[in-house]
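Down below is the structure, laid out as structure tokens.
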Amino acid sequence: SDSIVLTDPESRIIWTNEAFTRMTGYSQIEAIGRTPGELLNGPDTDEGTVARIANYIRDGKRHRTEILNYTKFGEEIWVETHLVPVLEEDGSVRMVIGIERDITQAKRHAVELAEAKQAAEQADRAKSEFLANMSHEIRTPMNAIIGLCHLLYRAQPTPEQAHQLAKI
């Protein structure tokens, strides 16, 4: 189910599997001879990630990363890629095996969770502000009512009025 891409030392594609075609929309014939960057990088692909990939490959080191790519039809896809250089005896890169997995749904889910968390936190802040305001709005007139009751109580009310003031 994972896309597999073999590239030569100049990063030109020499072979892809069927999963690559399903994931990207590019047939093996369309891909061979081109670089993955030519096919898959787009306006929002992170140039820093592209540069890091190139540096690891040039140094003959394995590298695992996530990168935003684009399908043949212009759709954004997030790809987790694991690049494994195959080295010659002298240490130079003979080819690179790229194993890629579409993680677009996982990325979308993570964004949705973050947005839901932010909305919940905002709702909690709004609730806390509402309760603080309501507490203040209720406390202020209640203090006035209780204060006026004490004043009336000192004004020699009738026994019935005193009973009602005491209840308040």
Side-chain angles (χ1 to χ4, degrees), residues 1-5 11 16-26 35-59 61-85 96-168:
S1 64
D2 289 345
S3 167
I4 299 174
V5 179
S11 296
T16 65
N17 68 350
E18 184 60 34
F20 174 83
T21 300
R22 283 192 306 273
M23 186 170 75
T24 67
Y26 290 101
T35 68
E38 289 173 342
L39 296 176
L40 305 173
N41 292 353
D44 292 328
T45 300
D46 181 43
E47 292 299 321
T49 301
V50 172
R52 279 189 298 281
I53 289 170
N55 289 338
Y56 275 93
I57 298 300
R58 183 192 65 239
D59 295 342
K61 296 179 181 175
R62 292 174 173 242
H63 185 58
R64 183 182 298 264
T65 191
E66 295 175 359
I67 188 167
L68 177 64
N69 283 158
Y70 292 82
T71 68
K72 178 180 179 178
F73 311 105
E75 297 170 2
E76 290 184 352
I77 55 170
W78 277 97
V79 176
E80 177 186 51
T81 184
H82 186 195
L83 303 166
V84 182
V96 177
I97 302 169
I99 304 166
E100 302 173 329
R101 178 172 291 158
D102 185 343
I103 59 168
T104 305
Q105 291 301 330
K107 284 284 196 178
R108 285 184 185 145
H109 184 65
V111 168
E112 289 169 2
L113 284 176
E115 289 172 351
K117 181 179 184 256
Q118 184 179 15
E121 289 170 349
Q122 185 176 357
D124 188 54
R125 280 192 301 275
K127 178 190 75 165
S128 295
E129 289 175 17
F130 172 78
L131 290 175
N133 287 336
M134 287 306 298
S135 173
H136 174 75
E137 294 298 324
I138 291 170
R139 189 173 40 248
T140 301
M142 288 303 293
N143 285 337
I145 292 168
I146 292 169
L148 287 173
C149 287
H150 284 292
L151 290 174
L152 287 172
Y153 198 71
R154 285 197 262 161
Q156 308 280 324
T158 66
E160 184 180 332
Q161 291 172 331
H163 177 69
Q164 291 172 344
L165 287 172
K167 284 186 176 184
I168 293 175

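Since the structure is predicted, the reported quantities are computational estimates derived from the model, not experimental observations.
- Listed here is the closest heavy atom pair of M23 and S3: CE-CB, 3.6 Å.
- With rounding to the nearest 0.5 Å, the separation of CH2 in W78 from CZ in R108 is 11.5 Å.
- Here E80 contributes atom CD and K107 contributes atom NZ; the two are 10.0 Å apart, rounded to the nearest 0.5 Å.
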*Assess whether side-chain contact (heavy atoms from CB on, under 4.5 Å) is satisfied between L131 and N133, documenting all intermediate values.*
CA-CA 5 Å; L131 290 175; N133 287 336; over 6 Å; no

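- Residues S1 and A19 approach most closely at O-CB, 3.7 Å, considering heavy atoms.
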*Dump the intermediate steps for side-chain contact (heavy atoms from CB on, under 4.5 Å) on D44 and E76, then the final yes or no.*
CA-CA 9 Å; D44 292 328; E76 290 184 352; 3.6 Å; yes

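- Counting only heavy atoms from C-beta outward, the side chains of L151 and L148 approach each other to under 4.5 Å.
- Formation of a donor-acceptor pair under 3.5 Å by the N17 side chain with backbone atoms of D2 is found in this model.
- For NE2 of H82, the number of neighbouring non-hydrogen atoms (other residues, nucleotides, ligands) closer than 6.0 Å is greater than 12.
- Atom CD1 of I103 sits about 3.5 Å away from atom CD of E66, to the nearest 0.5 Å.
- Taken to the nearest 0.5 Å, the CD atom of E100 stands 10.0 Å off from the CD1 atom of I4.
- Here the side chains of I97 and L83 are not in contact, with every heavy-atom distance at 4.5 Å or above.
- In this structure, Y153 OH and I168 CD1 are separated by 12.0 Å, a value rounded to the nearest 0.5 Å.
- Qualifying ring-ring contact (aromatic ring centres under 6.0 Å, His included) partners for Y56, counting only residues two or more places apart in sequence or in other chains: H63.
- Residues R139 and H136 have side chains in contact (heavy-atom distance under 4.5 Å, counting atoms from C-beta outward).
- Annotation for Q156: atom CD does not count as buried by contact number, only 12 or fewer foreign heavy atoms lying within 6.0 Å.
- Scanning for side chain to side chain contact (heavy atoms under 4.5 Å, CB included) contacts around E129 gives an empty result, with sequence neighbours left out.
- In terms of heavy-atom proximity, G25 sits nearest to F73 at CA-CE1, 3.9 Å.
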*asked:* V96 vs V84, test: side-chain contact (heavy atoms from CB on, under 4.5 Å). Steps then yes/no.
replied: CA-CA 6 Å; V96 177; V84 182; over 6 Å; no

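- Remark: the R125 side chain and the S128 side chain contain no N/O donor-acceptor pair separated by less than 3.5 Å.
- By the 6.0 Å contact criterion, CZ on R58 is enclosed, its count of non-hydrogen atoms from other residues, nucleotides or ligands being greater than 12.
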*Any chance you could lay out the side-chain contact (heavy atoms from CB on, under 4.5 Å) test for I77 and L68, step after step, and finish with the verdict?*
CA-CA 6 Å; I77 55 170; L68 177 64; over 6 Å; no

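- At a threshold of 4.5 Å between non-hydrogen side-chain atoms, the residues L40 and Y26 count as touching.
- In this structure, the separation between OG1 on T71 and CG on L39 is 11.0 Å, given to the nearest 0.5 Å.
- Looking at Q161, its side chain does come within 3.5 Å of a backbone N or O of T158 through a donor-acceptor pair.
- Without hydrogens or angle criteria, D102 side chain to T104 main chain gives a donor-acceptor distance under 3.5 Å.
- The two residues N69 and T45 come nearest to each other via the heavy atoms CA-OG1, 4.4 Å.
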